[in-house]
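Predicted, not measured: the structure shown is a model, and the values here were computed from it.
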Amino acid sequence: MDNQSNARSFILSGFNETMNFRVPLFSFTLLYYCLILFINISLMLLIFLDENLHEPMYILLSSFCINALYGSTGFYPKFLSDLLSSSQTISYEGCLLQAFIMYSFACSDLSILAVMAFDRYLAICRPLHYHSFMTKRRLSQLVCFSWLTPFCTYSINILITSRLRLCGINIQRVLCLNWLIVKLACPEAETFSNNISAYVIFIFYVSHGFFIMWTYMHLIKTCVRSRDDRLKFMQTCVPHLTSLITFLSVIVFQFVYMQLDSTDLSQSLQNFIAIEFLIIPPVMNPLVYGFKLTKIRNRIFTLVYYKTS
């Protein structure tokens, strides 16, 4: 293609190896997407309807669930539609929108994890100041930070990408990601702004990771001093730590793969690596919190017992 203005749609060629088993893949994906919806919506409703769970930690957890629904809905309906379609294409605008949703979803997850770590730090290391600091207004500000910051940063990033002159329409995956669109830029196109933007955003979110490490250093130092603090750490911090390790493992693995950009792997494996952040965290996070946090677990058991009795 000669000009970016002609790039009105892209071909998602990552579906080429899935056509022979599209029906079982569609069935499994549909069930999995329904599972994501059911688990996250159930946990959100549980927190919303139970006044005993109207605490900062649980409000942040419901924000986690909303983000999981946001990211999943940005991918699964389109993916399911493509499995049933004879041609897997996506409009230029739709591709940019999906790329924005994917990145803002992942970065919102990390921002929420950082806010959760701060909440646990205050609750365990500064218990006397916790309620005076973590007011409803402050909690609202932290939730807005975890949502609006990724939205603003990636709005700029996608805007820069939309100005690129493209010379290709073939995206080698089953979804749109910003770096895949940038790879289609014409050889003479200026991608310096994209690179600078990507590095600035990367450094900004790496700082989130260092902040979380700092909070956990203080948490561990505090918790070794008393049995009650150790118990509180095991009940409330272990689920958070599990979510954090899962998220970082998925993102780091994908980042390394992006840098290597290996073509030796099969198309199916490349697709899995590209979408694993949409497969593992949206189900694992609510399950880990649901079974580990005592108040939520007890509430679930109460509801199950009430319905079966």
Does the side chain of [Y] come within less than 4.5 Å of [X]'s, by heavy atoms?
X      : Y      : value
Leu278 : Phe105 : yes
Phe79  : Val174 : yes
Tyr92  : Ser9   : no
Cys176 : Leu96  : no
Gln98  : Ile90  : yes

Please confirm whether the backbone N or O of Pro77 pairs with a side-chain atom of Ser81, one donor and one acceptor, at under 3.5 Å?
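Absent.
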Counting N and O atoms only, with roles assigned by atom type, does the side chain of Ser132 sit under 3.5 Å from a partner on the main chain of His129, one being a donor and the other an acceptor?
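Answer holds: yes.
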Quiz item: cation-pi between Arg126 and Phe133, 6.0 Å / 45°:
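No.
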Separation of [Y] [atom2] from [X] [atom1] (nearest 0.5 Å):
X      : Y      : atom1 : atom2 : result
Met57  : Ser62  : CE    : OG    : 12.0 Å
Leu184 : Leu164 : CG    : CG    : 10.0 Å
Leu25  : Leu30  : CG    : CG    : 11.0 Å
Thr29  : Leu83  : OG1   : CG    : 6.0 Å
Ile160 : Phe192 : CD1   : CZ    : 11.0 Å
Arg163 : Asn194 : CZ    : CG    : 10.5 Å

With a 4.5 Å cut-off on side-chain heavy-atom distances among I, L, V, M, F, W and Y, is there a chain of contacts connecting [X] to [Y]?
X      : Y      : result
Ile245 : Leu113 : yes
Val200 : Phe145 : no
Met217 : Val115 : no
Leu148 : Ile101 : no
Leu159 : Ile196 : no

Between [X] and [Y], what is the shortest heavy-atom contact and its length?
X      : Y      : result
Cys65  : Asn40  : CA-OD1, 3.5 Å
His208 : Ser111 : NE2-OG, 3.4 Å
Ala99  : Ile181 : CB-CD1, 4.2 Å
Ile11  : Thr89  : CG1-CG2, 4.3 Å
Ser85  : Arg22  : O-NH1, 3.4 Å
Cys95  : Ile171 : SG-CD1, 3.6 Å

Decide whether Tyr121 and Thr222 meet the rule of one side-chain donor and one side-chain acceptor closer than 3.5 Å.
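Result is no, nothing qualifies.
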Does one side chain, of Asp50 or Tyr58, offer a donor that lies under 3.5 Å from an acceptor on the other?
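No - no donor-acceptor pair under 3.5 Å links their side chains.
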Is there a side chain to side chain contact (heavy atoms under 4.5 Å, CB included) between Tyr76 and Ile36? Walk through the geometry before answering.
CA-CA 10 Å; Tyr76 285 101; Ile36 291 174; 3.7 Å; yes
How about [X]: does its [atom1] atom have over 12 heavy atoms from other parts shown lying under 6.0 Å from it?
X      : atom1 : value
Phe48  : CZ    : no
Phe38  : CZ    : no
His131 : NE2   : no

Show, in sequence, the C-alpha distance, side-chain angles and deciding distance for Ser104 and Tyr70, and conclude whether the side-chain hydrogen bond (donor to acceptor under 3.5 Å, both in side chains) test is met.
CA-CA 10 Å; Ser104 58; Tyr70 163 71; 2.7 Å; yes
Before giving the answer on ring pair (Phe, Tyr, Trp, His ring centres under 6.0 Å), spell out for Phe211 and Tyr205 the whole-Å C-alpha distance, their side-chain angles and the decisive distance to 0.1 Å.
CA-CA 10 Å; Phe211 173 76; Tyr205 283 100; over 10 Å; no
For Arg173 and Leu12: C-alpha separation, side-chain torsions, deciding distance, then whether side chain to side chain contact (heavy atoms under 4.5 Å, CB included) applies.
CA-CA 6 Å; Arg173 298 292 182 274; Leu12 300 173; over 6 Å; no
Could you walk me through whether Tyr130 and Asp119 satisfy the side chain to side chain contact (heavy atoms under 4.5 Å, CB included) test, starting with their C-alpha distance in whole Å, then the side-chain angles of each, then the deciding distance to 0.1 Å, before giving a yes or no?
CA-CA 8 Å; Tyr130 180 74; Asp119 174 73; 2.5 Å; yes
Are the ring centres of Tyr154 and Tyr103 closer than 6.0 Å?
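Judged by ring-centre distance (under 6.0 Å), Tyr154 and Tyr103 do meet the cut-off.
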Residues which pass side-chain hydrogen bond (donor to acceptor under 3.5 Å, both in side chains) with Tyr33, listed by chain and number, not counting sequence neighbours
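Tyr33 satisfies side-chain hydrogen bond (donor to acceptor under 3.5 Å, both in side chains) with Thr73 once adjacent residues are dropped.
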Who are the side-chain hydrogen bond (donor to acceptor under 3.5 Å, both in side chains) partners of Gln172, not counting sequence neighbours?
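Per chain and number, Gln172 pairs via side-chain hydrogen bond (donor to acceptor under 3.5 Å, both in side chains) with Ser13.
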Taking side-chain contact (heavy atoms from CB on, under 4.5 Å) as the definition, give me every residue that meets it alongside Ile66, ordered by chain and number, with sequence neighbours left out.
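In terms of side-chain contact (heavy atoms from CB on, under 4.5 Å), with neighbours along the sequence ignored, Ile66 is linked to Met44, Trp147.
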Go through the steps for Leu175 and Lys78 under the test side chain to side chain contact (heavy atoms under 4.5 Å, CB included), then give the verdict.
CA-CA 9 Å; Leu175 80 167; Lys78 170 62 177 167; over 6 Å; no
Angle class for the Phe28/Tyr32 ring planes (parallel below 30°, perpendicular above 60°, tilted otherwise)?
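Geometry flag for Tyr32 against Phe28: parallel rings.
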